[in-house]
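These notes concern the structure reproduced below.
For reference, positions follow the sequence shown, starting with 1.
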Amino acid sequence: MPTVNAVGQAGVQPDARVAAPRAAAGAPAELQGVRVSRGARIGRVLLGIFTLGISEGIRALVYAVRAAGAQAPRVADPGVPAAPPRADVFNTGIANGLRNKVMPPAFQAAVAEAIKEMSTRFGAEILPKNTTLDTMPESSAIRQALARELEAMGEEVTPQALRALLEARLAQACARRGMEQRIAELCGQAEFNASPLVTAQILNTLLERQPELAAALNGCGNLESLTAVLDANMAHIREEVAVKKQISDAQAQAMASVRTHLAHLTGLSE
């Protein structure tokens with residue numbers, strides 16, 4: 001019969017089905033594998049029952065277990081830099097500020113610089129020096145168009161980027177305004193008393209019928225380029241002014257004829 005030492009020497013290992021207690025993560029070495037005994041757990045339950053009553057004791061124990069199992073709040077590592085703001089959130093904020101006329105000072109300054117620059121390029125007759133985005137006739141349309149462009153940008157917008165976008169929009173507005181002024185001059189030469197609404201109608205009709213003229217007008221970046229485009233398209237502009245004058249004269253003659261006829265029938269003055 002083998003002795004205990006013989007059994008040990010024979011290499012007989014403990015039953016593999018008995019799992020060793022797992023060490024708690026982060027516990028000191030001397031506490032690895034320590035478990036609360038069954039008797040201690042029963043004692044805690046009985047103590048809670050006798051001191052607080054059955055229901056209150058159980059409730060207190062449940063709260064204690066939950067509190068013990070809850071994770072400690074996560075604290076950001078001071079060495080990790082804060083995440084940068086998302087571009088879409090930032091750009092949406094600037095876009096809404098543009099719509100509501102409330103923007104950070106740097107962006108307000110960029111708007112003022114863009115207007116000043118375009119006034120220098122196209123001249124004070126087209127864009128007066130004291131013009132602001134609020135006083136421009138195209139203010140609402142420009143604000144909405146710029147806001148949509150800002151919201152579509154993939155990178156965080158800067159004051160310089162806003163200025164570039166605004167200058168492009170102002171260039172188109174100045175080119176249209178310069179062409180309307182040229183149309184008004186031609187109307188005056190033709191003794192056609194056209195209102196600003198009529199000159200705008202002539203402009204829109206020309207741009208619809210002449211796509212090349214519309215493209216060239218959108219490409220004007222200063223007064224010199226605008227003048228060149230207008231001079232090259234004077235034949236189209238004069239023709240449209242003449243057609244509009246003929247229509248206006250025919251309408252005026254028809255109205256005069258109607259008034260004369262009604263006066264003759266009714267005996268009233270024209």
CZ (F107) and OG1 (T158) are apart, to the nearest 0.5 Å, by 6.5 Å
Does E156 use its side chain to pair, donor to acceptor, with the backbone of V89 at less than 3.5 Å? no
Of all heavy-atom pairs between A190 and K245, which one has the smallest distance, and what is that distance? O-CE, 2.8 Å
Looking at CZ of R259 and CG of L268, how far apart are the two atoms once the value is rounded to the nearest 0.5 Å? 13.5 Å
Say you draw a straight line from CD of Q172 to CD of E167; how long is it, rounded to the nearest 0.5 Å? 13.0 Å
Side-chain heavy atoms of K129 within contact of I115, under 4.5 Å: no
Nearest non-hydrogen partners of C187 and A194, listed with the distance: SG-CB, 3.8 Å
Please report the closest heavy-atom contact between A110 and P159, naming both atoms and the distance. CB-O, 3.3 Å
Side chain proximity check, E113 to R163, heavy atoms < 4.5 angstrom: yes
Report yes if some heavy atom in the side chain of Q144 is under 4.5 Å from a heavy atom in the side chain of L98; otherwise report no. no
Donor-acceptor under 3.5 Å (T266 side chain, L262 main chain): yes
Just how far is it from atom CD1 of I237 to atom CD1 of I202, taken to the nearest 0.5 Å? 10.5 Å
Closest approach of T227 and R182, non-hydrogen atoms and distance? CG2-NH2, 4.3 Å
Decide yes or no on side chain to side chain contact (heavy atoms under 4.5 Å, CB included) for D134 and K101, but give the supporting numbers first. CA-CA 8 Å; D134 296 336; K101 306 178 182 180; 3.6 Å; yes
Run the side chain to side chain contact (heavy atoms under 4.5 Å, CB included) check on L150 and L165 step by step: do they pass? CA-CA 9 Å; L150 295 180; L165 291 175; 3.8 Å; yes
I need the minimum non-hydrogen distance between L133 and S139, along with the two atoms involved. O-OG, 2.6 Å
Carboxylate-amine/guanidinium proximity below 4.0 Å for D249 and K244: no
What distance do I183 atom CD1 and L203 atom CG have between them, rounded to the nearest 0.5 Å? 5.0 Å
Backbone N/O of V102 and side chain of N100: donor-acceptor pair under 3.5 Å: no
Can you tell me which residue pairs pass the side chain to side chain donor-acceptor pair (under 3.5 Å) test with a partner in residues 184-194, sequence neighbours excluded? none
Checking E149 against R169 for the salt bridge (charged side-chain N to carboxylate O under 4.0 Å, His left out) test, could you report, in this order, the C-alpha distance in whole Å, the side-chain angles of both residues, the deciding distance, and whether it holds? CA-CA 11 Å; E149 287 185 288; R169 290 287 172 180; 3.4 Å; yes
Close side-chain approach of E212 and N233, heavy atoms under 4.5 Å: no
Find out whether M136 and L127 are in side-chain contact, i.e. whether some heavy atom of one side chain is under 4.5 Å from a heavy atom of the other. yes
Can you find a pair of side-chain heavy atoms, one from N91 and one from D88, that are under 4.5 Å apart? no
Can you name the closest pair of heavy atoms from A95 and E151 and give their distance? CB-CG, 3.7 Å
Count I, L, V, M, F, W, Y as connected when their side-chain heavy atoms are under 4.5 Å apart, and connections chain through other members. Are L207 and V243 then in the same cluster? no
Output for pair (Q210 CD, H236 NE2), nearest 0.5 Å, gives 4.5 Å
Results of side chain to side chain donor-acceptor pair (under 3.5 Å) for E138 - residues two or more places apart only: R177
In sequence, state the C-alpha distance, the side-chain angles, and the governing distance for M103 and L162, and then conclude on side chain to side chain contact (heavy atoms under 4.5 Å, CB included). CA-CA 12 Å; M103 288 191 300; L162 175 61; 4.2 Å; yes
Is it true that the side chains of R176 and N204 contain a donor and an acceptor less than 3.5 Å apart? yes
V198/F192 under side chain to side chain contact (heavy atoms under 4.5 Å, CB included): CA gap, chis, key distance, verdict: CA-CA 10 Å; V198 172; F192 177 22; 3.9 Å; yes
Quick check: do I126 and L226 have side-chain heavy atoms less than 4.5 Å from each other? yes
side-chain contact (heavy atoms from CB on, under 4.5 Å) involving T205 - partner list, sequence neighbours excluded: R209, E240
